[in-house]
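Right, one structure below, let's go through it.
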Amino acid sequence: QVQLRESGGGLVQAGDSLTLSCEASGRASNAYTKGWFRQAPGKEREFVATISVSGLLQSYTDTVKGRFTISRDNAKNTVYLQMNSLKPEDTAVYYCSASEGGALIARQSYYGYWGQGTQVTVSS
């Protein structure tokens with residue numbers, strides 16, 4: 001079992017930066033592929049980014065490429081999502097996820113563990 005807890009959300013203005021953190025706990029929590037998803041009001045949850053166990057490989061959805069960076073610090077059991085040049089359309093609840101699989105997959109069903117989410121609101 002892996003428990004995930006997100007933090008770092010808040011209200012920012014367009015163009016600002018924000019860093020989300022996700023702390024994992026539980027047995028072998030660092031052996032999981034980690035991902036970030038988001039859900040905007042009235043929309044389905046969508047993939048944002050994912051990172052391999054080693055941290056050497058990442059994958060992003062096209063709408064955040066060049067603006068968001070996913071990283072992890074396995075010594076701290078934490079994965080991060082650095083978000084730059086934020087836009088109002090980035091407004092959503094952001095969820096951290098974990099998968100026992102070793103591939104970088106954007107599909108939600110690939111991830112068996114989820115945090116409670118943290119709200120990010122970007123004003124124009």
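Side-chain polar atoms of Asp73 and Thr78 form no donor-acceptor pair below 3.5 angstrom.
The shortest non-hydrogen separation linking Leu86 to Met83 is CD2-CB, 3.8 Å. Closest approach of Ala24 and Leu4 over heavy atoms only: CB-CD2, 3.7 Å. The minimum heavy-atom distance linking Ser124 with Ala14 is given by the pair CA-CB, 4.3 Å.
Rounding to the nearest 0.5 Å gives a distance of 11.0 Å between CD of Glu23 and CD of Gln3. How far CZ of Arg5 is from OG of Ser25: 8.0 Å, rounded to the nearest 0.5 Å. To the nearest 0.5 Å, atoms CZ (Arg72) and OG (Ser52) are separated by 7.0 Å. Between Ser97 atom OG and Gln108 atom CD the span is 8.5 Å, to the nearest 0.5 Å. A distance of 6.5 Å separates OG in Ser59 from NZ in Lys65, rounded to the nearest 0.5 Å.
Side chains of Ser99 and Tyr113 form no contact here, defined as non-hydrogen atoms less than 4.5 Å apart. Tyr80 places none of its side-chain heavy atoms less than 4.5 Å from the side chain of Leu20. When side chains are defined from C-beta on, Glu46 counts as touching Arg38, because their heavy atoms get closer than 4.5 Å. Ile70 places a side-chain heavy atom less than 4.5 Å from the side chain of Val79. The shortest side-chain heavy-atom distance between Tyr32 and Glu100 falls under the 4.5 Å cut-off.
Not a single donor-acceptor pair under 3.5 Å links the side chain of Gln1 to the backbone N or O of Arg27. Side-chain N or O atoms of Gln82 include none that pairs as donor or acceptor with a backbone N or O of Phe68 at under 3.5 Å. Side-chain atoms of Thr91 come within 3.5 Å of backbone N or O of Val122 as a donor-acceptor pair. Thr50 places a side-chain N or O within donor-acceptor distance of the main-chain N or O of Lys34, the cut-off being under 3.5 Å. Thr121 contributes no side-chain N or O that, together with a main-chain N or O of Leu11, makes up a donor-acceptor pair within less than 3.5 Å. In this structure a side-chain-to-backbone donor-acceptor pair under 3.5 Å is missing from Gln13 to Ser123. When atom types are taken as modelled, the side chain of Arg45 and the backbone of Ala40 share no donor-acceptor pair closer than 3.5 angstrom. Although no hydrogens or angles enter the test, the distance criterion places a donor-acceptor pair under 3.5 Å between the side chain of Arg67 and the main chain of Ser85.
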Test side-chain contact (heavy atoms from CB on, under 4.5 Å) applied to Thr69 and Leu81, step by step: CA-CA 6 Å; Thr69 302; Leu81 186 67; over 6 Å; no
Residue pair Tyr94, Gln39: steps toward the side-chain contact (heavy atoms from CB on, under 4.5 Å) verdict: CA-CA 7 Å; Tyr94 283 71; Gln39 186 168 18; over 6 Å; no
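Through direct or indirect side-chain contacts shorter than 4.5 Å among Ile, Leu, Val, Met, Phe, Trp and Tyr, Leu104 is connected to Leu57. When hydrophobic side chains of Ile, Leu, Val, Met, Phe, Trp and Tyr are connected at separations under 4.5 Å, Phe47 ends up clustered with Phe37, Val93, Tyr95, Ile105, Tyr110, Tyr111, Trp114.
Using a 4.0 Å cut-off between charged side-chain N and carboxylate O, Lys87 and Asp90 make no salt bridge.
In the hydrophobic cluster analysis, where Ile, Leu, Val, Met, Phe, Trp and Tyr join through side-chain heavy atoms closer than 4.5 angstrom, Val48 is grouped together with Leu18. By the criterion of side-chain heavy atoms lying less than 4.5 angstrom apart, applied directly or through intervening Ile, Leu, Val, Met, Phe, Trp or Tyr residues, Ile51 is not grouped with Val2; the two fall into different hydrophobic clusters.
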